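Notes for the one structure printed next.
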Number of protein chains: 2
Amino acid sequence: MAVTIKDIARLANVSVTTVSRVINNKPEGVSEETRQKILKLVKELGYQPNAIARGLVTKKTKTIGLIIPDISNPFFPDIARGVEDSAHIYGYNVFLCNTDDNLEKESEYIRALKEKYVDGIIFTSSSIPKHEHIIELVESGIPVVIMDRRVDSENIYGVFLDNYEGGYIATKHLIDLGHEKIGCITGPLYTKSAKERLEGYKKALLDSGIKIDEKLIFEGDYKINGGIIGAERLLKDNKDMSAIFACNDLMAYGAYKTIRSFGYKIPDDISVVGFDDIQLSQILEPQLSTIKQPAYDMGLTAARMLIKLIEGKKLKKKIINFRPQLVIRQSTKLVKGG
Amino acid sequence: MAVTIKDIARLANVSVTTVSRVINNKPEGVSEETRQKILKLVKELGYQPNAIARGLVTKKTKTIGLIIPDISNPFFPDIARGVEDSAHIYGYNVFLCNTDDNLEKESEYIRALKEKYVDGIIFTSSSIPKHEHIIELVESGIPVVIMDRRVDSENIYGVFLDNYEGGYIATKHLIDLGHEKIGCITGPLYTKSAKERLEGYKKALLDSGIKIDEKLIFEGDYKINGGIIGAERLLKDNKDMSAIFACNDLMAYGAYKTIRSFGYKIPDDISVVGFDDIQLSQILEPQLSTIKQPAYDMGLTAARMLIKLIEGKKLKKKIINFRPQLVIRQSTKLVKGG
DNA sequence: TTGAAAGCGCTAACAA
DNA sequence: TTGTTAGCGCTTTCAA
């Protein structure tokens, strides 16, 4: 049986109220003498407040939920770390939930987190087509911050990346190097991020007076395999293609494999640009030129927003857009004879 | 104000006890008729049990804590995913805690998790030299499963990898390929895993009648940088070295960089073996031969053990040792002229 | 400065 | 089969 506030009170000859005041650092209402007496007992007995009991009366648990598709997708650990660091600073703990973008699991976790009275939820999902349960979640009154993959709804708080701009600058970089026949391996086009990156790609081409060729566009899956298959298709259909924009790094890795298996060299024969800048993109040979998403910072920011929301503080903005950044490494090069 | 058991009771004209029985699926003590009536109301009103209130009385929260050094270290996401999947199956949620192997943070998280009355904790740390707080944690009565990095104490439950064997088979693989001058970049030697891998390396050499040369051993840090520096030192000091055993994949990546910067080819000039088999080891060029740690399975198993412990079920073994497995890819090759 | 008492939402003896 | 009641450990209102 753990020691409780009652035990302390009894031993100190005071009421539980007084002990509670000391435990919670209420500045007034306790004489310095009794405060010291209580603090001493707390230390001696190793008293630890029971957060469950506290939560029952305050309705606050100092706990948030982080709902993501999959922590083993290399894009999410940095986000998770950012969220957790931020939470830890403010004294919160975080529940990790993996949904695999599965609607049912999303609902399950939302229900479980609500039952456990988390103070707020950070939510990422690509299930855009059917997101009633997200809207419902948001409207249910519990503070929610949406991350990374955009959701349409009024009064939503969110941390996003400008995917359109990312697609634009990735493509622009290739164009600046003289490439004109630029392939694009997109993400799954039911996600907003994939659509936006593709739009950015198209706009960059148009702005440079290059015609959009549907044969140069392949719908991938944000996974390595999509890159493998996508590059294969693109290389077969477009003998004169000199560069590929893979809409995430994982697919760029897949493209690397295929390009090599075709006997081409990167970047001499084919330039490649990725998207995300996950850690290992610097280790690949040749190091991948890519669009950096500040995942850690986004996590940090999302948690900070959420906690401000929880604690009723004013937020300057409901939406914070992070700007992607071009990181030039070794996988892109001037077009041959360009 | 959320709907409570009381509301349901009032509307159904029964006592809260009866409602509680239905909510908790107690098989007896409720007529089918009232059960249906209550279930109907539960649905209509969207009643959700309050896990906090429940936890206060039952002392069970259906929550576990996962304490790891750093989720953004590529070795941990798979473990975390395994833990979370297992937990989810049994109806538990998991708190994610990153300690950076910092003793103070470890203690902080342990305290916080106890205050939140988690039912159990899965703990990973490399802070072997000063692990009184871990022993204390274990003795405090809360179910604990130690993961990956071994701790010495009686009655500890744990899921470990046989690092000694891993070090042995990695080295043996190189010896079998004809290598004799084999460098070793170890992990931080205050960790047991690093020591064991090194011991395995030494034993494999001795078993083959090869003398141990301290100049071929470099103490790294399990990070990319350690691999970079370690390979540099080893290459400079040992002109005839033909292979390197890097005690984790991250350091192997670092070694790749250095080896290339020296103008050597992998595996033609220098063979490299890693340890862990994290996802991206298959993507590197050349693909890394390495020792596979079944991280996901280890996570899965650790959580399953913990939950059995929590629920008072019998455990066959207190310690489960996973066996490492050699995965031969393209970074190892017969020694030149061998 | 201090304390009495109510109550958060639920479970679980025990009684009917 | 059903209900009464106490109590989990804490915060908070109100009164002293």
Side-chain angles (χ1 to χ4, degrees), chain A residues 1-39 41-42 45-63 91 111-119, chain B residues 1-39 41-42 45-63 91 111-119:
Chain A
M1 213 61 261
V3 10
T4 73
I5 211 177
K6 246 185 190 162
D7 301 320
I8 305 277
R10 187 164 27 77
L11 291 166
N13 268 315
V14 297
S15 73
V16 292
T17 313
T18 305
V19 178
S20 174
R21 282 190 186 111
V22 173
I23 302 295
N24 291 295
N25 272 317
K26 305 258 170 174
E28 343 138 327
V30 187
S31 73
E32 196 49 30
E33 200 191 334
T34 41
R35 162 163 276 128
Q36 288 311 325
K37 185 166 60 176
I38 290 169
L39 251 21
L41 280 166
V42 163
L45 304 184
Y47 168 77
Q48 290 193 310
N50 179 328
I52 301 295
R54 181 180 283 167
L56 184 57
V57 11
T58 62
K59 304 276 174 250
K60 293 277 172 235
T61 53
K62 286 274 187 179
T63 295
R111 190 185 43 68
L113 292 177
K114 279 187 174 172
E115 288 189 0
K116 292 193 173 158
Y117 274 74
V118 297
D119 296 333
Chain B
M1 210 64 258
V3 10
T4 74
I5 212 178
K6 247 184 188 161
D7 301 322
I8 306 277
R10 187 164 28 78
L11 291 167
N13 268 315
V14 296
S15 72
V16 290
T17 314
T18 305
V19 178
S20 175
R21 283 188 185 110
V22 173
I23 302 296
N24 292 295
N25 273 314
K26 307 256 172 179
E28 345 138 325
V30 186
S31 72
E32 197 47 32
E33 200 191 333
T34 41
R35 164 161 276 127
Q36 288 312 325
K37 185 166 58 174
I38 290 168
L39 252 21
L41 279 166
V42 164
L45 304 185
Y47 167 78
Q48 289 193 310
N50 179 329
I52 300 295
R54 179 179 286 165
L56 184 57
V57 13
T58 61
K59 306 279 175 238
K60 292 279 172 234
T61 54
K62 286 277 188 175
T63 294
R111 189 185 44 67
L113 293 178
K114 279 187 173 171
E115 288 187 0
K116 290 190 175 160
Y117 273 75
V118 296
D119 296 333

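Note that these values count all heavy atoms, side chains included, but never hydrogens, waters or copies made by symmetry. Please read all numbers here as calculations on a predicted model, not as lab measurements. Every chain is numbered from 1, with letters handed out A, B, ... down the list of sequences.
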What is the distance, rounded to the nearest whole Å, between atom [atom1] of [X] and atom [atom2] of [N]?
| X | N | atom1 | atom2 | value |
| --- | --- | --- | --- | --- |
| A:K59 | C:dG9 | NZ | C1' | 7 Å |
| A:N25 | D:dC10 | CG | P | 16 Å |
| B:N50 | C:dC10 | CG | P | 6 Å |
| B:R35 | D:dT1 | CZ | P | 9 Å |
| A:I52 | D:dC8 | CD1 | C1' | 11 Å |
| B:Q36 | D:dT1 | CD | P | 14 Å |
| A:K60 | D:dG9 | NZ | P | 24 Å |
| A:L56 | D:dC8 | CG | C1' | 9 Å |

Nearest non-hydrogen partners of [X] and [Y], listed with the distance:
| X | Y | answer |
| --- | --- | --- |
| A:K37 | A:A12 | NZ-O, 3.2 Å |
| B:T34 | B:S31 | OG1-OG, 2.8 Å |
| A:I52 | B:Y117 | CG1-CB, 3.9 Å |

Looking at B:T4, does any N or O in its side chain come under 4.0 Å of the phosphate oxygens OP1/OP2 on C:dC8? no
Quick check on C:dT1: is either OP1 or OP2 less than 4.0 Å from any side-chain nitrogen or oxygen of A:T18? no
So, using salt bridge (charged side-chain N to carboxylate O under 4.0 Å, His left out) as the criterion, who are the partners of B:R10 when residues are at least two apart? B:D7
For nucleotides 11-16 of chain D, give me one character per nucleotide, 5' to 3': B if any protein heavy atom sits under 4.0 Å from the base, S if the only such contacts are to the sugar-phosphate, - if neither. BBB---
Under a 4.0 Å N-O cut-off, is there an ion pair linking B:E115 with B:R111? yes
Look at all strands and tell whether B:D7 reaches a base, only sugar-phosphate, or nothing, counting heavy atoms closer than 4.0 Å. nothing
Sorted by chain and number, sequence neighbours left out, side-chain contact (heavy atoms from CB on, under 4.5 Å) with A:A53 holds for A:N50, B:L56
CD of B:E33: more than 12 outside heavy atoms within 6.0 angstrom? no
